[in-house]
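Report on the structure given below.
Computed from a predicted model, the values in this text were never measured in an experiment.
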Amino acid sequence: MTKYSIHVNSQITKRLWKYSVTGAISAACAWTSSVLLFHFLSINFIVSQALGFIVGIIVNYPLSRQWTFRNRYPRIVRQFWIFALIAGIGLGINELSLYIFVGMCHWSVPLGMLIGLGVAFIWNFSLNNFITFGLLKD
């Protein structure tokens with residue numbers, strides 16, 4: 001291994017760890033928002049979940065931009081919409097995984113959720129690392 005490859009691997013590992021932390025914070029905010037909207041404002045659970053997902057994206061973007069990827073791309077609105085699109089596709093991947101593994105293969109719900117979360121996480125991190133905060137920089 002060369003010195004360059006070790007540096008790149010450690011940089012990606014560091015970003016992956018930070019992305020996991022920002023994802024956990026965002027997921028907690030999304031979940032809390034969904035529960036509050038459903039239980040205290042009596043908003044339909046599907047609408048509450050969708051609004052919670054939006055809250056999660058709004059929390060995740062600045063954390064990812066500033067802390068995880070240290071990105072300074074000046075066109076923030078454009079970058080945010082790319083980030084949101086990738087997250088929305090990630091949500092679709094997660095839901096499709098649930099449909100396949102739970103609905104069609106009859107695996108357990110927790111296992112299907114874990115697989116869906118893992119696949120969506122890899123999708124989101126990879127595209128945000130290389131496109132949202134990789135290609136769209138300074």
Notebook entry, point to check: Which heavy-atom pair separates Arg72 from Arg65 by the least distance, and what is that distance?
Noted result: C-NH2, 3.6 Å
Check: Does any pair with a residue in residues 95-109 pass side chain to side chain donor-acceptor pair (under 3.5 Å), and if so which ones, sequence neighbours excluded?
Finding: none
Item checked: Exercise: do Tyr73 and Arg78 side chains pair donor with acceptor under 3.5 Å -> yes
Notebook entry, point to check: Closest approach of Gly52 and Ser33, non-hydrogen atoms and distance?
Noted result: CA-CB, 4.1 Å
Next item on the list: Using only heavy-atom distances, determine whether the side chains of Asn71 and Gln66 contain a donor-acceptor pair under 3.5 Å.
Entry: no
Notebook entry, point to check: Under the side chain to side chain donor-acceptor pair (under 3.5 Å) rule, what pairs show up with a residue in residues 125-134, not counting sequence neighbours?
Noted result: Arg15-Asn129, Tyr19-Asn128, Asn128-Thr132
Notebook entry, point to check: Remaining members of Val59's ILVMFWY cluster at a side-chain heavy-atom cut-off under 4.5 Å?
Noted result: Trp17, Val21, Ile25, Val55, Leu63, Trp67
Notebook entry, point to check: Thr22 and Ser64: which non-hydrogen atoms are nearest, and at how many Å?
Noted result: OG1-OG, 3.8 Å
Item checked: Set of residues satisfying side chain to side chain contact (heavy atoms under 4.5 Å, CB included) with respect to Leu41, sequence neighbours excluded -> Leu37, Ile43
Notebook entry, point to check: If you group Ile, Leu, Val, Met, Phe, Trp and Tyr whenever their side-chain heavy atoms sit less than 4.5 Å apart, what else falls in with Met113?
Noted result: Leu98, Val102, Val109
Note to self: Enumerate the ring-ring contact (aromatic ring centres under 6.0 Å, His included) contacts for residues 31-62, please, sequence neighbours excluded, ordered by first and then second residue.
What the structure shows: Tyr61-Phe80, Tyr61-Phe83
Checklist line | side chain to side chain contact (heavy atoms under 4.5 Å, CB included) partners of Leu16, counting only residues at least two apart | finding: Phe121, Phe125
Margin query: Does Val77 form a side chain to side chain contact (heavy atoms under 4.5 Å, CB included) with Trp81? I'd like the steps, not just the answer.
Written below: CA-CA 6 Å; Val77 173; Trp81 285 113; 3.7 Å; yes
Item checked: Closest approach of Ser34 to Ser48 (non-hydrogen atoms, all atoms of both residues) -> OG-O, 3.1 Å
